[in-house]
Each structure stands twice: as structure tokens, then as C-alpha cells.
Amino acid sequence: PGNMNEGMADYWACTTKNSSCVGYISREDCLRSCENTKKFPVDYNCESHSGAEIVAGSFWDIREIYGVDYIDKLAVDALRLQPMTFSELLENTLIADDDNEDLTDGTPHIDDICHSFWDNHGIFNSFCAEHTQQGVSLILSPFPSQTSFFHGNTTIEILGSAYGSRSEQLTSYKLEYSSAENPHEW
């Protein structure tokens with residue numbers, strides 16, 4: 001939640017000032033920015049400010065489409081549901097956007113919300129399946145950044161999910177791996 005709290009604090013600073021810059025290093029350079037391409041988990045670590053731009057950017061992107069009034073209300077309503085993870089924050093945002101209390105049939109702005117959170121910033125929730133511009137693959141185990149060593153003909157159990165995009169249903173997928181000795185060769 002620390003990253004989420006910092007991210008929402010950054011978003012409120014940006015939306016209040018109507019500027020994507022959060023603090024200045026110099027006259028031209030922002031300390032952090034709500035207008036960014038930072039993605040989870042690539043740009044994330046346990047330091048609470050690392051995830052701030054990921055969260056703030058997710059809301060800023062949809063604010064650019066639907067405006068300050070609607071998205072600020074959406075953000076408040078999502079926070080009232082007390083999310084504990086990035087995925088829960090996305091789900092709560094969809095709940096706040098919903099117009100009939102049934103997320104299974106989508107929400108008025110689901111494609112843009114899911115695009116901002118997943119395609120732009122790497123945050124996914126299963127309600128976004130087939131509402132993204134890019135397909136989705138989530139590897140839950142072994143965790144992608146976890147160093148695992150397998151030797152010889154070891155069977156590797158991989159747990160996860162894969163979904164198509166809104167323009168292309170998933171019909172097949174390919175899983176690639178590399179060896180520890182040569183991680184850049186697939």
C-alpha cells in the first residue's frame with residue numbers, strides 16, 4: 001500500500017496543480033511525473049516512491065481523456081473501497097466506473113481504463129481481459145524476477161494466465177525461456 005499511497009498523493013498533487021510535474025529538481029526537471037511510461041513490475045521495487053509514478057500515471061492517462069472532474073471522482077470512489085494491491089485499485093476503479101453493478105458486462109470506460117492501467121503501466125485485473133490493446137500473460141510462479149535454476153530434463157511447473165486483447169482473441173501462445181548461462185539467447 002505504500003506505493004499506492006505515494007502514487008495517489010502524486011496524482012492529487014498533479015491534478016490540484018493541473019500539471020503533470022510533482023516537485024522540481026531544477027526549473028525544467030520534475031522530481032516525479034504523472035505523465036510517464038513507468039510499468040509494473042519492471043520499474044517497481046519496494047521503495048515506496050518507485051510505484052508512485054506507475055499508479056499516478058494510470059490515473060493521469062485516463063484524466064487526459066475524460067477530464068479532471070470525472071477522473072478525480074473515480075479515484076476517490078476507488079479509494080473508498082480500500083484497495084490493498086495495484087490489481088484491487090484497478091478493480092475498484094472499474095467498480096466506480098460501472099453503471100449497473102455488473103462488471104462482467106464491462107463499464108462505460110473499461111477499454112480506456114484497462115488500456116491505461118495495463119497497456120501503459122502494467123497493472124492488470126481479470127475484469128480487463130479482452131479490454132486491452134495488448135494481449136496479457138501473467139506468470140505467477142515461478143515469479144519472473146525470481147532466480148530459479150533447473151538442470152537437465154527438469155519439469156518446470158508454470159502457473160499463470162493468458163488473455164487476448166480487445167481486437168484479437170487468444171488462440172495460442174508461445175512460452176520461451178533462456179538458460180542462466182546465456183539469458184539473452186532464447
Side-chain angles (χ1 to χ4, degrees), residues 1-17 19-26 29-64 71-72 74-96 113-129 132 134-150 156-163 175-184 186:
N3 284 283
M4 202 169 357
N5 293 340
E6 291 296 333
M8 292 311 298
D10 282 4
Y11 175 75
W12 294 122
C14 289
T15 195
T16 301
K17 297 182 318 174
S19 166
S20 63
C21 190
V22 179
Y24 288 92
I25 297 171
S26 66
D29 297 321
C30 296
L31 180 62
R32 290 187 303 280
S33 177
C34 288
E35 188 172 352
N36 68 74
T37 59
K38 301 263 175 103
K39 282 191 163 190
F40 181 82
V42 176
D43 297 306
Y44 174 86
N45 65 53
C46 62
E47 195 282 317
S48 62
H49 294 94
S50 76
E53 288 179 290
I54 296 167
V55 171
S58 297
F59 281 102
W60 190 260
D61 290 353
I62 51 179
R63 180 188 187 270
E64 293 290 293
I71 301 309
D72 283 2
L74 198 71
V76 167
D77 290 346
L79 289 175
R80 283 187 177 137
L81 297 171
Q82 301 179 348
M84 295 300 292
T85 65
F86 289 167
S87 181
E88 287 177 6
L89 178 62
L90 170 52
E91 183 174 339
N92 293 354
T93 302
L94 293 171
I95 290 169
I113 292 169
C114 292
H115 171 65
S116 174
F117 275 78
W118 170 251
D119 296 313
N120 294 354
H121 298 285
I123 298 172
F124 184 73
N125 183 280
S126 61
F127 286 109
C128 284
T132 58
Q134 301 169 359
V136 177
S137 65
L138 299 172
I139 304 298
L140 304 175
S141 175
F143 192 70
S145 65
Q146 175 184 349
T147 301
S148 301
F149 297 99
F150 303 100
I156 305 168
E157 183 176 343
I158 299 172
L159 302 175
S161 300
Y163 305 92
L175 181 63
E176 297 178 333
Y177 67 94
S178 65
S179 70
E181 293 81 33
N182 196 353
H184 301 292
W186 295 92

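Put simply, the side chain of F127 does not reach to within 4.5 Å of the side chain of I95, judged on heavy atoms. A 4.5 Å side-chain heavy-atom check between I71 and L74 finds at least one atom pair inside the cut-off. The side-chain heavy atoms of L89 and L79, taken from C-beta on, include a pair separated by under 4.5 Å.
A distance of 9.0 Å separates CD1 in I123 from OG1 in T93, rounded to the nearest 0.5 Å. Of the inter-residue distances, the one linking I25 atom CD1 with L31 atom CG reads 5.5 Å to the nearest 0.5 angstrom. Expressed to the nearest 0.5 Å, how far SG of C34 lies from NZ of K17 amounts to 8.5 Å.
For the cysteines C21 and C30, the sulfur (SG) atoms lie within a distance shorter than 2.5 angstrom of each other.
With sequence neighbours excluded, the residues satisfying ring-ring contact (aromatic ring centres under 6.0 Å, His included) with W118 are F124. Applying the side chain to side chain contact (heavy atoms under 4.5 Å, CB included) test to T85 and every residue at least two apart in sequence or in another chain returns S87, E88. Every residue two or more places apart in sequence or in another chain that forms a side chain to side chain contact (heavy atoms under 4.5 Å, CB included) with H115 is listed here: D119, N120, Q133. With sequence neighbours left out, Y11 forms a ring-ring contact (aromatic ring centres under 6.0 Å, His included) with F59. Checked against side chain to side chain contact (heavy atoms under 4.5 Å, CB included), A13 has no partners two or more places apart in sequence or in another chain. By the side chain to side chain contact (heavy atoms under 4.5 Å, CB included) test, S161 is found to be paired with Y163, residues two or more places apart in sequence or in another chain being considered.
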Starting from the C-alpha separation in whole Å, work towards a yes-or-no answer on side chain to side chain contact (heavy atoms under 4.5 Å, CB included) for D29 and Y24.
CA-CA 6 Å; D29 297 321; Y24 288 92; over 6 Å; no
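Of the possible polar contacts, none joining the S58 side chain to the F117 backbone as a donor-acceptor pair under 3.5 Å is found. The main-chain N or O of C128 is never found under 3.5 Å from a side-chain atom of T132 such that the two would form a donor-acceptor pair. For H121 (side chain) and T37 (main-chain N/O), no donor-acceptor pair under 3.5 Å exists by modelled atom type. Judged purely by atom type and a 3.5 angstrom limit, D43 uses its side chain to pair as donor or acceptor with the backbone of K39.
Partner of D72 under the side-chain contact (heavy atoms from CB on, under 4.5 Å) criterion, chosen from T15, D77, T16: T15. When the options S20, S116, S33 are evaluated for a side-chain contact (heavy atoms from CB on, under 4.5 Å) with W60, the one that passes is S20.
If you check the side chains of N3 and Y44, you find a donor sitting under 3.5 Å from an acceptor. Side-chain N/O atoms of E53 and N36 include no donor and acceptor closer than 3.5 Å.
Heavy atoms only, all atoms of each residue included: L90 and N125 are closest at CD2-N, 3.5 Å. The minimum heavy-atom distance between P83 and A78, with the atom names listed, is CD-O, 3.5 Å. Contact record, I113 with I62: CA-CG2, 3.9 Å, taken as the closest heavy-atom pair.
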